[in-house]
Amino acid sequence: MKKEDTVKLISSEGFEFVIDKNAAMVSQTIRNMLTSPGGFAETERNEVTFPEISTTILEKICQYFYWSLQYASGKETEFYIEPELTLELMMAANYLHT
């Protein structure tokens, strides 16, 4: 996979997730950050830092992005969410518009 086809998402603890750009575009917020005109740092580096989202939650969000792409293509599988992550995950999903 080419570097321009990936996006780096960075958690509040500094952990980096390098994911497929199409998967990241599931999020309206990330899509806006990466495609907005004006020379924003996120657009130039294909890198987005989330100072309010923990590593555990960002990992689950990345899993959801890939699951969402599979679901959209007709592969219906369950997406399990651990009960202890629910509240934090809902807040992050609200911010990311996913």
Keeping T43 on the side-chain end and M33 on the backbone end, is there a donor-acceptor pair under 3.5 Å?
yes
As an exercise, state the distance from CD1 of I53 to CG of L9, rounded to the nearest 0.5 Å.
9.0 Å
Where at least one partner belongs to residues 59-88, residue pairs that pass salt bridge (Lys or Arg N to Asp or Glu O under 4.0 Å), sequence neighbours excluded
K60-E82
In this structure, which one of N46, V7, T6 forms a side chain to side chain contact (heavy atoms under 4.5 Å, CB included) with V18?
T6
Least distance between heavy atoms, L96 atom then S27 atom:
O-OG, 2.7 Å
Aromatic centroids of F17 and F15 separated by under 6.0 Å
yes
Quick check: closest heavy atoms across S68 and V26, and the distance to 0.1 Å?
OG-CG1, 3.8 Å
Looking only at non-hydrogen atoms, find the nearest pair between E47 and L34 and report the distance.
N-CD2, 4.5 Å
Identify the heavy atoms of S54 and S12 that sit nearest to each other, and give their distance.
CA-OG, 3.5 Å
Which is it for Q63 and F79 under the side chain to side chain contact (heavy atoms under 4.5 Å, CB included) test, yes or no, and what are the steps along the way?
CA-CA 9 Å; Q63 292 170 1; F79 185 74; 4.1 Å; yes
More than 12 heavy atoms of other residues, nucleotides or ligands under 6.0 Å from CD of E52: is that the case?
no
With rounding to the nearest 0.5 angstrom, report the OG1 to CD distance, T35 to E42.
11.5 Å
To the nearest 0.5 angstrom, please state how far the NZ atom of K21 sits from the CD atom of E4.
8.5 Å
Above 12 or not: heavy atoms from other molecules or residues under 6.0 Å from OH of Y71?
no
Would a single hydrophobic cluster contain both I10 and F65, if residues Ile, Leu, Val, Met, Phe, Trp and Tyr are joined by side-chain heavy-atom contacts under 4.5 Å?
no
Parallel, tilted or perpendicular: rings of Y95 and F50 (30°, 60°)
perpendicular
Short question: side chain of W67, backbone of C62 - any donor-acceptor pair under 3.5 Å?
no
Do the side chains of M90 and I81 join up, straight or via other hydrophobic residues, at under 4.5 Å, putting them in one cluster?
no
Worked check of side chain to side chain contact (heavy atoms under 4.5 Å, CB included) between K8 and V48:
CA-CA 6 Å; K8 186 186 297 184; V48 183; over 6 Å; no
